[in-house]
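Here the structure comes first, spelled out in C-alpha cells, and everything after it is commentary.
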Amino acid sequence: MGSPPGGLSNSLRAIPEIHAMSHSVELADVGMSFGDTRAVSDVSFTVESGEFFSILGPSGCGKTTILRMIAGFLQPTAGSVRIGGQDMKGLGPDQRPTAMIFQSLALFPLMPVWENIAFGLEARGMSRPDRRRRAEALLETIALPGFGDRMPGELSGGQRQRVAIARALAVEPQVLLLDEPLSALDLKLRQHMRAELRSLQKRTGVTFIYITHDQSEALAMSDRVAVMSAGILQQVGRPRELYDDPETPFVARFVGETNALAGKITQSDGMHVGVETAIGPMKGRARQPLSPGQSAHIYVRPEAMAISRAGDQEPASPHTNQTEVTIARLDFEGAFALVHGATNTGETLVAAVASTGLSAMPEVGSKAIFRFPAEHGMVLADG
Amino acid sequence: MGELYDRFGPALSTGFVALVLMWLAGMVLAPNLMMIDYALRPNLTPSEIGTAADGYTLSNILYFFGEDVHLAIFFKTVWASTLVAAVTLVVCYPLAFWLAQTATRGQTALVLLALTIPFWINEVLRTLAWYIILAFRGPLNELLLATGLIEAPMRWYGDGGVLAGMVYAFILFMLFPVYNAIESLERAQIEAARDLGASTVRIHARIVIPHAKAGIATGCVFTFMLAAGTYVAPALLGAPGSRWFTQIIYNWFFEGGDWNRGAAYALVLLVLCLAVVLVSLRVARVSLADVAR
Ligand SMILES: Nc1ncnc2c1ncn2[C@@H]1O[C@H](COP(=O)(O)OP(=O)(O)OP(=O)(O)O)[C@@H](O)[C@H]1O
Ligand SMILES: [Mg+2]
C-alpha cells in the first residue's frame, strides 16, 4: 500500500518520453488573452520535481487559466510551457504527462468507483482484470478499500475527493494539477484532506501544482507558493519567505493579516528606514534601499504588535515604534483574539493576542499603547 | 389532488377535474374506443345493420394476417421507420453535440432558428419542397450532373426519397431531446476523460452517449412513431415499390370504402408500434417517465 503506482509504465500509451532527471514544469513569459481580455501576462516560474507547489491569488486572477495551460486545455498566446524539459507547444491534454483534478471533481456519475479510477487505464487499452486490480490497489492507497462497486453518488464529499485523486494518479502522471479541490468541503474535512493530500504527495513523489485562493491553505501545505494578482505573478517563495519578507505590497496584504500605514520615506540607511506616517514617525526594515521622499507603506503583522496600558510608555528607542490608541473592539477567535485600536487620526491598528493573555488586556474604550519592533515593520515602496 | 382542493376550493377544483376528465374522455378515449369498435365489426351494408351478422368478430384482423402483401408492407414500414429513426439520430447527434458543448450562444440561437423556421410551414409543403428537389429534372440531379458525380439523371423517388423526406421532416423531434440531454452534461467530464487519455470515440461511447441515453431514446421513439404514422412523405416521394402501411389504411378508408378493415389495420399498427416502443425502451433501460420529461 502507498507505493507509487508501479509496474504499469509498460502499458501506458506513448506519452512524450520524459527524462528522469528533471520532471519539473517551467513557464517562460507565459501570457494568455481571451479576445481583448488579458487573463495572464508574462508569468515565469519553475516547479521542481516532487515539489508541492501552490498558486495563490484572489478570484479571477488567472489561476485556473495557468493550470489549464499546463494541462493542455489552453494554448498560451505568448511564451512557452515546458514539462520535463520538453516544450509542450501544440500537445493536447491527452498527450501530456499531467493529470488534472477539477474544481467540480468531474467524476463520471454513471460508472462505479473502480471504473472511474481505471478510466485512464481503459483508454490505454489495459485488460479488464488488470484494471480492476489496479483500481483496488489505488483504493487501498486512498484508504477506501471495498468501495470499488459503489457509484460516485453514494460517496461522501471527502470520499469523492479521494476517488478523483486516485483516478488522476492511476495514469501515473508526472505532474498532478489540482484546481481548488477542497473548496466544496466543510472546514474540518478540508483540514483533514489538506494533511491527507500532503502525505499522499510525499508518498507518491508526484509533483503537485495546487491552486487555491485560501492563503492559510497555501501556507500550510506547500513547499513553495506563487502569489498572483490580476494575471501578474507577484512573488514565488517558500511560505515563510512570503510571510516574513513580502516583495510587493500585494503580497504583504494578501498573505496573512497585516496593518498597513501609509507614509513617506524620511531617511534610509541601508535596510533601516524611517517613515513619516499620519500617526508620527515610524522605523522599519526595507528589502532594498529607498530614497527619501518616496511614498511607501509600513506593514506590521498583528502578532508583532504588543499592547500595554496607557502610561506605560517606553522611552523612545531606535528599535521600537509605539503609538497611543483607544481600544475599539475585541474579536475573539478562539486561540487568539484580535484587538482593534483606533489611533487619534482615525486609523485602525490590529493586534493579535493569545487568548491566555486576554485577562491582562485593557478594556474596550480605554486608552492603550500599541508597540512593535522596527524589524517587524516591513517597508515597501508603493506602486 | 388534495392540494388542488386546498388551493382553489371544492367548486373550482371539481370543475378542473371534470374538464380534465372530459378532455381525456373526448379527445383520447373516445376516438380510440371508436376505432376498436369499428375494427371488431364486419363491414355491413345498411340493410344488414341490426341483423344477426351485426356482431363482434376478429375477421378484419385475421384478414390482415392472411394478406401476405399487406404483412410485408407492414413489416417494411416498421423496419423502415426504425431506419428513419436511426438515420435521423446519426444526422442529429453531431449537430446536437456541437450545439450543446462547443457552439457559442449566438451560434446556437442562429442554428436553432434556422432549423425551426421551415417548421412554420405545413408538413405537406415542406415535403413538396423535397418533391421538387428530388425531381428527375430537378436541382439535385442537375447539381450532380454538373459536378460530374453522375452521368445520367437518377430517379430519387422511392425508398431513398421517402427516407430523405422523413429524416428532414423529423429532425427537430430528434434534435431537441438529444440536444437537451447533452446540454446537461458537465463540460468538465468531457475534459476529464480527454485528460485521462480517452479518444474522441471513447469519450462519446463512455461519457456522452450514456449520459444522453434518455434523450436519445426519446428522440428515437418520437421519430419512429411519427415515421410509422406518416402519410405525406411516402405519398409524395414514394414509388409503387415503396408503399407505406398508412397508405394501405388510407386505401381501405377512402378507396376500398371498408372503414372496418381500415380501422383494424390502424389498430394493428398502433399495437405493434406500442410494442416496438416499449421493447426498445426496455432494451435501452429507459423508463417511459424519462421519455415524457
Ligand atoms: N474562456 C474565457 N473567455 C474569456 N475570459 C475568460 C475565459 N476564461 C477566463 N477568463 C477571464 O480570465 C480571468 C482569469 O480567469 P481564471 O478562471 O483563470 O481565474 P481564477 O483565478 O481561476 O479565479 P477563481 O478563483 O474565481 O476560479 C478572468 O477575468 C476571467 O473572466
Ligand atoms: Mg479558478
Side-chain angles (χ1 to χ4, degrees), chain A residues 11-15 34-35 64 67-68 70-74 91-112 115-126 131 151-152 163-173 175-181, chain B residues 93 96-98 100-110 177-220 281-287 289-291 293:
Chain A
S11 56
L12 292 184
R13 209 176 54 172
I15 267 181
F34 299 103
T64 299
L67 207 68
R68 292 175 68 83
I70 299 174
F73 289 112
L74 290 172
L91 298 183
D94 46 342
Q95 295 165 301
R96 299 189 181 197
T98 57
M100 178 135 166
I101 293 178
F102 291 79
Q103 208 156 357
S104 65
L105 301 185
L107 292 181
F108 307 129
L110 302 177
M111 288 181 207
E115 281 187 32
N116 261 282
I117 294 177
F119 186 81
L121 306 174
E122 182 187 324
R124 284 161 173 73
M126 193 190 257
R131 295 204 304 267
M151 297 305 275
V163 171
I165 292 165
R167 184 178 72 175
L169 286 177
V171 298
E172 297 193 309
V175 184
L176 199 62
L177 306 169
L178 303 99
D179 190 352
E180 308 203 27
Chain B
Y93 181 84
F97 182 80
W98 179 77
Q101 292 286 337
T102 316
T104 64
R105 212 129 30 102
Q107 287 171 325
T108 306
L110 198 72
V178 177
Y179 165 78
N180 277 334
I182 298 180
E183 240 261 272
S184 64
L185 176 64
E186 180 199 8
R187 175 95 53 100
Q189 275 186 37
I190 297 174
E191 289 183 337
R194 200 155 121 63
D195 192 40
L196 292 168
S199 62
T200 305
V201 172
R202 187 177 299 276
I203 290 173
H204 284 278
R206 294 283 275 146
I207 312 292
V208 186
I209 293 176
H211 175 87
K213 202 171 64 178
I216 291 173
T218 308
C220 288
L281 288 185
R282 169 58 61 84
V283 169
R285 302 222 185 87
V286 178
S287 79
D290 289 333
V291 173
R293 256 190 302 162

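Atoms considered below: every heavy atom in the structure, side chains included; atoms not considered: hydrogens, waters and symmetry mates. Just so we're on the same page: letters track the sequence lines, and every chain starts at 1.
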| message | If I measure from the heavy atoms of chain B, does A:Leu105 come under 4.5 Å with its side chain, its backbone, both, or neither? | response | neither

| said: Give me the atom names and distance for the closest heavy-atom approach of A:Thr98 to B:Asp195. | reply: O-OD1, 3.9 Å

| note | Looking only at heavy atoms, the pair that brings A:Arg167 and B:Ala192 closest together is NH2-CB, 3.5 Å

| task | First locate atom CD1 of B:Ile207, then atom CZ of A:Phe119, and finally report the distance between them rounded to the nearest 0.5 Å. | result | 4.0 Å

| message | Could you report the tightest heavy-atom contact between B:Arg202 and A:Ala123, atom names first, then the distance? | response | NE-CA, 3.5 Å

| query | Is it the side chain or the backbone of A:Glu115 that comes within 4.5 Å of chain B heavy atoms, both, or neither? | reply | side chain

| Interface residues of residues 182-191 of chain B facing chain A - non-hydrogen atoms under 4.5 Å apart | B:Glu186, B:Ala188, B:Gln189, B:Glu191

| request: With a 4.5 Å cut-off on heavy-atom pairs, point out which of A:Pro109, A:Gly92, A:Ala71, A:Pro173 contacts chain B the most. | output: A:Pro109

